[in-house]
*Asks:* 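Below is a structure I'd like to ask you about.
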Amino acid sequence: MLQQDVKHVRVFVVKTLLLWMLCSGENCNQKKILVISFKIPVCPFPSDLIYNFTGKKICFHFGKDEKTADCCQKDFNCKMELENYNSIRLNKKILSDQDIVVMKEPDQTYNCTPSMFKKPGFMLNVDNCLNIGVKNIRLTQDGLENCSGDDANSCTGLTQDDYNLTFNSNWNINCVSCKTNGIKPNVSLIFNITGTFNPENATKLMKNLSSLLGDHTMAAITIGDVKGVITKLPPKNFTSINVGFTGNDDISMVQDNEMGTGFSYLVQIPAEASSMAVKRNGSVAGVLRFPGIHQDDPNSFFFNNQMMGIDMGAEISNLSQTINIQFTNVNKSGKVVSCRSWNGTGEKPIWITDGCHTVENGDSISCQCSHLTFFALLMSPPTTNISSSDFKSLNYITSIGCGLSMFFLAVALFMQFLIRKGKASQATNILMNLFVAMFILNFSFLVNESLANLEIFSVCVTTAAVMHYTMLATFSWFFIQALHIYMNLWKFPAKIKHYLMKIYIAGWATPAIVVITLLALNKYGFLVIYTNDGSSAKMCWINDFVIHQGVNIGYYAVVFIFTLIIFIVTVQQIVVFKPTAAKSKDNSSVKTNTFSILSLFLLLGITWAFAFFSHGPLLLASYYIFTILNSFQGFFLFIYYYFSSRIVGEDKSLMLSYSSKDTINTVVTTST
């Protein structure tokens with residue numbers, strides 16, 4: 001009996017000495033070891049807890065889709081995600097009391113373990129197996145402490161306490177820490193209210209923020225499903241207020257130089273707003289997120305069915321520095337996104353785009369607004385059903401046509417002002433003004449999309465204003481062309497003092513009044529054109545559809561009605577009146593009349609009616625007709641100018657008389 005006891009003592013001493021010798025350096029760290037693998041091994045590993053010779057606890061766990069190991073239920077934290085055989089998402093707390101070993105080749109690693117290790121409680125020295133060269137990777141809290149490189153795409157669905165680890169083909173680690181910078185309010189005010197807020201209750205809540213905050217300087221607030229933050233405004237030394245919301249409803253106050261990417265929503269209120277609020281007796285600033293907000297239109301919805309309420313205890317509007325509300329990870333799925341605001345009045349919210357500008361950058365959408373109120377991101381179906389192929393074809397035709405038109409318009413202007421230099425007739429002077437307007441219009445259209453893609457708001461507004469001005473000026477000169485024909489029928493120009501000067505003022509000043517008004521109302525900005533496959537193109541234009549329809553269609557409608565009347569009267573005269581030079585040849589007369597009518601049709605801009613007044617099944621066909629005719633309009637008008645100026649140069653007597661028949665004769669003769 002004594003001899004057996006001595007034997008046990010010797011075994012105990014040997015084990016103690018081995019343990020003492022092995023417990024040095026890293027081995028003395030008694031953290032547990034969680035062994036994981038992307039690949040499910042062929043041979044089974046133990047599911048219960050085992051130990052190595054140094055007393056470390058070891059647990060084998062493979063993948064989120066496999067049955068959880070028994071040791072994960074008691075001693076280990078195995079709550080992580082293995083994705084795509086090259087990515088691990090885990091919480092930082094997992095590494096606080098355990099290390100993780102990633103087995104690259106679990107079957108080969110298995111061979112270095114004894115076959116009897118399934119025995120419960122067996123003291124297994126697996127450290128040699130788990131740290132042999134490139135076969136395994138050990139993840140420790142200290143090793144990932146310097147993990148950085150915020151990546152919004154990699155942080156989708158993660159919080160500031162998470163790591164996203166990816167491995168390339170060479171098993172190099174890319175670590176992303178989805179931290180959200182800033183500080184969390186140290187006071188949390190929770191009000192237990194059941195149900196969701198309706199618009200009326202939301203308005204009342206935003207008007208009573210100061211009473212909710214009480215004596216606190218800053219507090220996170222939870223009222224049922226509503227979450228947000230309220231902070232007191234300083235009496236001076238104003239700074240911007242930045243509030244970040246994570247996907248897990250964590251709220252942080254963020255400094256300007258600490259903008260993290262782990263936020264689902266980021267609200268930035270400029271210092272100008274705080275200064276304005278204090279001057280108007282505002283004392284607190286509140287940013288609250290309201291869930292359960294729905295749109296009446298079944299085809300449209302608000303992003304995440306939420307709205308953001310921002311209030312500072314005073315009316316804040318017309319800010320020079322905008323309030324920015326950034327939405328991340330927005331899956332548009334072919335929808336059109338637009339920033340909307342509601343002023344908090346009325347039983348039923350009316351969501352408008354006024355005062356807010358929508359900026360898209362991939363899956364990140366930013367609402368830049370000049371006032372405080374309720375905001376939401378509306379997702380609606382595209383307003384157009386044009387196919388992607390038709391859109392590309394029309395764009396291709398337009399690019400070629402506008403380029404050709406610009407070239408021939410430039411040649412005509414060069415010929416008139418630098419080569420001929422003679423005193424031009426009134427008709428030629430009016431035509432040259434039309435050429436100038438059309439040249440700038442074509443140029444601004446060609447560069448519009450490229451300038452819009454620069455995402456510089458001031459540049460886009462300028463581009464939109466220039467293109468709109470030259471388009472209206474082109475319409476004006478169409479009108480003046482028709483007016484000049486009418487005036488010459490009755491010999492009016494000879495009776496009007498400073499006739500051309502008055503014509504110039506009418507042609508250039510009238511559209512300027514319209515454009516200046518729209519600039520003052522901030523109606524120019526970015527516009528996105530969508531096709532039926534969800535693709536889009538960005539341009540600078542009027543961002544209010546109602547204003548676009550009212551101004552442009554209304555303006556052109558007046559021009560179209562007048563020019564069409566003059567066109568019909570003139571065509572009637574051309575058909576009835578046979579030019580003297582063409583009486584002997586009927587074929588020549590038909591050819592002359594046809595070319596004269598076509599020239600007059602383009603000269604008066606009647607082709608624009610295909611774009612403005614086309615609807616129904618002929619809509620697409622009218623788009624093609626409009627695009628082809630208007631894109632090459634400069635080319636056709638150059639031909640008209642070339643022949644008319646050549647004939648006038650050969651026989652100036654044709655332009656001297658202005659009786660009704662002589663006028664029609666001039667139109668017909670100069671078009672041949």
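Basis for what follows: all heavy atoms, side chains included, without hydrogens, waters or symmetry-related copies. The chain is numbered in sequence order, starting from 1.
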*Asks:* If I take atom CG from residue Asn343 and atom OG1 from residue Thr203, how far apart are they, to the nearest 0.5 angstrom?
*Replies:* 8.5 Å
*Asks:* Please step through side chain to side chain contact (heavy atoms under 4.5 Å, CB included) for the pair His371 and Leu319, ending with a clear verdict.
*Replies:* CA-CA 6 Å; His371 61 287; Leu319 294 170; over 6 Å; no
*Asks:* Give a yes or no answer on whether the side chain of Ser370 reaches the backbone of Asn318 with a donor-acceptor pair at less than 3.5 Å.
*Replies:* no
*Asks:* Under 4.5 Å between any side-chain heavy atoms of Gln326 and Ile365, yes or no?
*Replies:* no
*Asks:* Taking it one step at a time, do Phe374 and Phe290 satisfy side chain to side chain contact (heavy atoms under 4.5 Å, CB included)?
*Replies:* CA-CA 10 Å; Phe374 293 95; Phe290 294 85; 3.9 Å; yes
*Asks:* State, yes or no, whether a side-chain contact exists between Met467 and Met539 at a heavy-atom distance under 4.5 Å.
*Replies:* yes
*Asks:* Please tell me whether Cys339 and Cys369 are bridged, where bridged means their SG atoms are separated by under 2.5 Å.
*Replies:* no
*Asks:* For residues His294 and Phe302, establish whether the separation of their ring centroids is below 6.0 Å.
*Replies:* no
*Asks:* What closest approach, in Å, do Ile480 and Ala506 show between heavy atoms, and which atom pair accounts for it?
*Replies:* CD1-C, 4.4 Å
*Asks:* Work out which heavy atom in Phe375 is nearest to a heavy atom in Thr373; give both atom names and the distance.
*Replies:* CE1-O, 3.3 Å
*Asks:* Which pair of non-hydrogen atoms, one from Tyr504 and one from Asn429, has the smallest distance, and what is that distance?
*Replies:* OH-CB, 3.5 Å
*Asks:* Please find the pair of heavy atoms, one from Ile503 and one from Ile430, that lie closest to each other, and give the distance.
*Replies:* CG2-CG1, 4.4 Å
*Asks:* Taking Glu272's backbone N and O only, do any of them form a donor-acceptor pair with Ser275's side chain (distance below 3.5 Å, no angle check)?
*Replies:* no
*Asks:* With side chains defined as the heavy atoms from C-beta onward, is the minimum distance between Trp608 and Tyr556 less than 4.5 Å?
*Replies:* yes
*Asks:* Return the orientation label for the Tyr641 and Phe435 ring planes: parallel under 30°, perpendicular over 60°, tilted otherwise.
*Replies:* perpendicular
*Asks:* Nearest 0.5 angstrom please: Tyr265 OH to Asn329 CG, how far?
*Replies:* 10.5 Å
*Asks:* Are the side chains of Phe562 and Val558 in contact, using a 4.5 Å heavy-atom criterion?
*Replies:* no
*Asks:* Leu378 versus Ser300: any side-chain heavy-atom pair under 4.5 Å?
*Replies:* yes
*Asks:* Measure the spacing between OG of Ser341 and CE of Met307 and express it to the nearest 0.5 Å.
*Replies:* 12.0 Å
*Asks:* If you round to the nearest 0.5 Å, how far is SG of Cys402 from CG of Leu409?
*Replies:* 10.0 Å
*Asks:* Would Gln416 and Thr428 count as having a side-chain donor-acceptor pair, cut-off 3.5 Å?
*Replies:* no
*Asks:* Quick one: CZ on Phe407 to CZ on Phe638, what's the gap to the nearest 0.5 Å?
*Replies:* 8.0 Å
*Asks:* Please test Ile293 against Asn305 for side chain to side chain contact (heavy atoms under 4.5 Å, CB included), starting from the C-alpha separation and ending with a verdict.
*Replies:* CA-CA 5 Å; Ile293 305 300; Asn305 292 325; 5.6 Å; no
*Asks:* Counting C-beta onward and ignoring hydrogens, is there a side-chain heavy-atom pair between Met438 and Thr470 closer than 4.5 Å?
*Replies:* no
*Asks:* Does Ile350, at its CD1 atom, have more than 12 non-hydrogen atoms belonging to other residues, nucleotides or ligands within less than 6.0 Å?
*Replies:* no
*Asks:* With a 4.5 Å limit on heavy-atom distance, are the side chains of Met379 and Val330 in contact?
*Replies:* yes
*Asks:* Which atom pair, heavy atoms only, marks the closest approach of Ser444 to Leu441?
*Replies:* OG-O, 2.9 Å
*Asks:* If you measure from CG on Leu377 to CZ on Phe327, what distance do you get to the nearest 0.5 Å?
*Replies:* 5.0 Å
*Asks:* Looking at Phe567, I want to see if its CZ is surrounded by more than 12 non-hydrogen atoms of other residues, nucleotides or ligands under 6.0 Å.
*Replies:* yes
*Asks:* His468 versus Tyr524: any side-chain heavy-atom pair under 4.5 Å?
*Replies:* yes
*Asks:* Could you walk me through whether Thr563 and Gln481 pass the side chain to side chain contact (heavy atoms under 4.5 Å, CB included) check?
*Replies:* CA-CA 8 Å; Thr563 54; Gln481 288 281 1; over 6 Å; no
*Asks:* Cut-off 3.5 Å, side chains only: do Asn433 and Trp508 have a donor facing an acceptor?
*Replies:* yes
*Asks:* Do His484 and Tyr499 have a side chain donor and acceptor closer than 3.5 Å?
*Replies:* yes
*Asks:* Can Asn522 and His357 be counted as having a side-chain donor-acceptor contact under 3.5 angstrom?
*Replies:* no
*Asks:* Whether the Gln268 and Ser240 side chains hold a donor-acceptor pair (N or O, under 3.5 Å, no angle test) is what I'd like checked.
*Replies:* no
*Asks:* Going through the checks in order, is the side chain to side chain donor-acceptor pair (under 3.5 Å) test met by Thr322 and Asn324?
*Replies:* CA-CA 6 Å; Thr322 59; Asn324 297 331; 3.0 Å; yes
*Asks:* Got a sec, which residues hit side chain to side chain donor-acceptor pair (under 3.5 Å) with Tyr555, two or more places apart in sequence or on another chain?
*Replies:* Ser476
*Asks:* Can you see which heavy atom on Ala482 is nearest to which on Leu604, and at what distance?
*Replies:* N-CD2, 3.6 Å
*Asks:* Verify, without hydrogens or angle tests, whether Thr510 (side chain) and Gly507 (backbone) share a donor-acceptor contact under 3.5 angstrom.
*Replies:* no
